[in-house]
Amino acid sequence: MAELEIPDCVIRPRGPWAVAPQSRGRLFAEPQSPTRTDFQRDRDRIIHSTAFRRLKHKTQVFVAHEGDHYRTRLTHTIEVAQIARSIARSLALDEDLAEALALAHDLGHTPFGHTGEDALDEAMRAYGGFDHNAQSLRIVTRLERRYAEFDGLNLAWETLEGLVKHNGPLLQPDGSPVERYRERGIPVAILEYQAQQNLELESFASAEAQAAAIADDIAYNAHDIDDGLRAGLFELADLGQVPLAGELLAEIADRHPDLDRSRTTHELMRRVITRLVEDVIGMGKAAFTSGLYRSSEDVRAAGKMLIAFSPPVALADKGIKGFLYPNMYRHERVMRVRMHAAQVVTRLFDRLFADISQMPAEWCEGLEGAREDKRARRVADYIAGMTDTFAINEHRRLFGTAPDLR
């Protein structure tokens, strides 16, 4: 039997641009673990959280009962974590921090995916709006109540920083919000936590957070094509002119001319992921071997994302998204389900805000005589934590009927 050669990336040591293995600290001081690093502990706390388990029954694109093989928020999250860890290992980053951030990045999502988020944001418009990223922070710092000494998960500073800033800074150097927050301001949940612990909102996040962010892009590019094909929203032939996907399909047809549709689809998915991951790793290696980034602070001060696609692949990524938007996310079948799902969230909010006693007793604590914005935020917290199934059942309990989201 031939001796296996172990890839260099498996045994590469941590680079100076990676975060230090010991965190800057936690909001509530805790003794170090004798068996786990700070970021291993964070990863484990996230996996054991209630919010993480709920992802099993939260929509990615298709409502779960449409089929057992479509991605849910949980399966998407697992795929993101695998890709983030692969990128981190190849670039000598802290794999555990990258994995923890990937596992936590969608904890704040509502039922019914982005449709539920949009509906809840509209319902909360007069009370600061709703942002799933800010909700993830709210969950891990306040809403999870499992530990004897604090609310939330008391995650390390680097994990919280990465959770908030994985898509880039929130503030300009002059302290004003960046473009995506200019109109409505920084979400309230982030500002509230920032007053307790400075997450340095004006800088970029660690390379590990950037790896988790781009792993999210890679995962949903691949699995949304897979799920769209499985749902019959488009066919393999429709992908022929899509950047990267068309090129890879031609490669597959040339090498495996008689391959059936199912295996061709899987082969396309694995090649899309491989091509995108290898491109990101190549860009990261070029950045980190340039000598410009000798610490994680250099990464934060770089003024740009260092874990990114090359310009040609960035164009291909844009092309894939440009295909998926009209052919999947805005397909009439998907839009019909989205319309009914949005109505569920909106009607739940209106009814519960009008009569908070309809929520469980523990969710009503402290709301007697409370201001409207506090009551609205509590209702939003309650709805955001619902799974698709629970939201439908609550709608049935409160209104006697529930739409068939198929």
Side-chain angles (χ1 to χ4, degrees), residues 2 4-10 12 60-62 67 69-71 75-76 78-91 102 210-287 289 305-331 334:
L4 292 175
E5 181 178 351
I6 300 176
D8 178 62
C9 64
V10 174
R12 176 177 289 180
Q60 182 66 21
V61 174
F62 296 97
H69 296 121
Y70 295 119
R71 270 71 175 186
T75 57
H76 163 71
I78 292 169
E79 291 178 19
V80 174
Q82 178 268 320
I83 294 170
R85 192 162 191 121
S86 295
I87 293 170
R89 179 173 297 183
S90 292
L91 295 178
Q210 296 178 35
I214 205 160
D216 187 26
D217 261 7
I218 293 169
Y220 74 68
N221 273 347
H223 67 48
D224 284 359
I225 292 175
D226 189 16
D227 282 352
L229 288 167
R230 185 182 298 277
L233 301 183
F234 50 84
E235 295 299 328
L236 284 167
D238 299 325
L239 295 166
Q241 301 304 311
V242 176
L244 184 62
E247 172 191 337
L248 294 175
L249 279 172
E251 289 180 7
I252 296 166
D254 183 60
R255 184 166 182 177
H256 306 285
D258 299 318
L259 201 61
D260 63 63
R261 183 180 187 275
S262 175
R263 290 177 188 264
T264 299
T265 299
H266 178 70
E267 192 67 22
L268 175 61
M269 293 310 97
R270 63 187 291 269
R271 288 177 185 235
V272 167
I273 292 172
T274 298
R275 191 70 59 88
L276 294 178
V277 168
E278 289 178 350
D279 182 75
V280 168
I281 290 171
M283 290 292 289
K285 286 182 176 180
T289 57
M305 300 286 267
L306 299 179
I307 311 299
F309 296 127
S310 65
V313 171
L315 282 175
D317 170 66
K318 185 177 180 181
I320 292 172
K321 290 178 172 62
F323 172 82
L324 288 172
Y325 188 83
N327 291 287
M328 184 169 182
Y329 311 135
R330 290 294 182 268
H331 191 283
V334 175

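Residue indices begin at 1 and follow the sequence shown. It should be emphasised that the depicted structure is a prediction, and the values quoted were computed from it without experimental measurement.
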Can you confirm whether Leu249 sits close enough to Val242 that some side-chain heavy atom of one is under 4.5 Å from a side-chain heavy atom of the other? no
d(Lys318 NZ, Asn221 CG) to nearest 0.5 Å is 14.0 Å
Note, Tyr220 side chain near Leu324 side chain (heavy atom, < 4.5 Å): no
At their closest point, which heavy atom of Ala215 faces which heavy atom of Ala84, and how far apart are they? CB-N, 3.5 Å
With the side chain counted from C-beta on, respond yes when His256 and Thr264 share a heavy-atom pair under 4.5 Å apart, and no when they do not. no
Test item: Ile214 and Ile83 side chains (from C-beta on) under 4.5 Å apart, heavy atoms: no
May I ask you to check whether over 12 heavy atoms, not counting those of Arg330, lie within 6.0 Å of atom CZ? yes
Could you give me the CA-CA distance, side-chain angles and deciding distance for Asp238 and Asn327, then say whether side-chain hydrogen bond (donor to acceptor under 3.5 Å, both in side chains) is met? CA-CA 10 Å; Asp238 299 325; Asn327 291 287; over 6 Å; no
Applying salt bridge (charged side-chain N to carboxylate O under 4.0 Å, His left out), can you list everything that pairs with Arg261, at least two apart in sequence or on another chain? Glu235
How close do Ile87 and Ile307 get, counting heavy atoms only, and between which atoms? CG2-CG2, 4.2 Å
Of all the heavy-atom pairs spanning Ile320 and Pro243, show the shortest one and how long it is. CG1-O, 3.6 Å
Could you tell me whether the side chain of Met328 reaches within less than 4.5 Å of the side chain of Ile225, counting heavy atoms only? no
Could you state the interatomic distance from CG (Leu276) to CG (Leu244), rounded to the nearest 0.5 Å? 5.5 Å
Could you list the residues that satisfy salt bridge (charged side-chain N to carboxylate O under 4.0 Å, His left out) with Asp279, not counting sequence neighbours? none
Would you mind checking if Glu251 and Arg255 are paired as a salt bridge, meaning a charged N to carboxylate O distance below 4.0 Å? no
Spacing of NE2 belonging to His266 relative to CZ belonging to Arg271, to within rounding of 0.5 Å: 11.0 Å
If I compare all heavy atoms of Ser86 with all of Ile281, which pair ends up nearest, and what's the gap? O-CD1, 4.5 Å
Quick check: do Leu268 and Asp226 have side-chain heavy atoms less than 4.5 Å from each other? no
Do Leu233 and Tyr329 touch side chain to side chain, with heavy atoms closer than 4.5 Å? no
Could you give the distance from CE (Met283) to CE (Met305), rounded to the nearest 0.5 Å? 12.0 Å
Compare all side-chain heavy atoms of His223 with those of Thr75 and state whether any distance is below 4.5 angstrom. no
Would Ile218 and Val80 satisfy side chain to side chain contact (heavy atoms under 4.5 Å, CB included), going step by step from the backbone distance to the final call? CA-CA 8 Å; Ile218 293 169; Val80 174; over 6 Å; no
Gln210 side-chain N/O to Leu306 backbone N/O, donor-acceptor pair under 3.5 Å: yes
Check this for me, if you would: do Glu278 and Arg275 make a salt bridge, where the nitrogen-to-carboxylate-oxygen distance has to be below 4.0 angstrom? no
Measure the spacing between NE2 of His76 and CG of Asp227 and express it to the nearest 0.5 Å. 11.5 Å
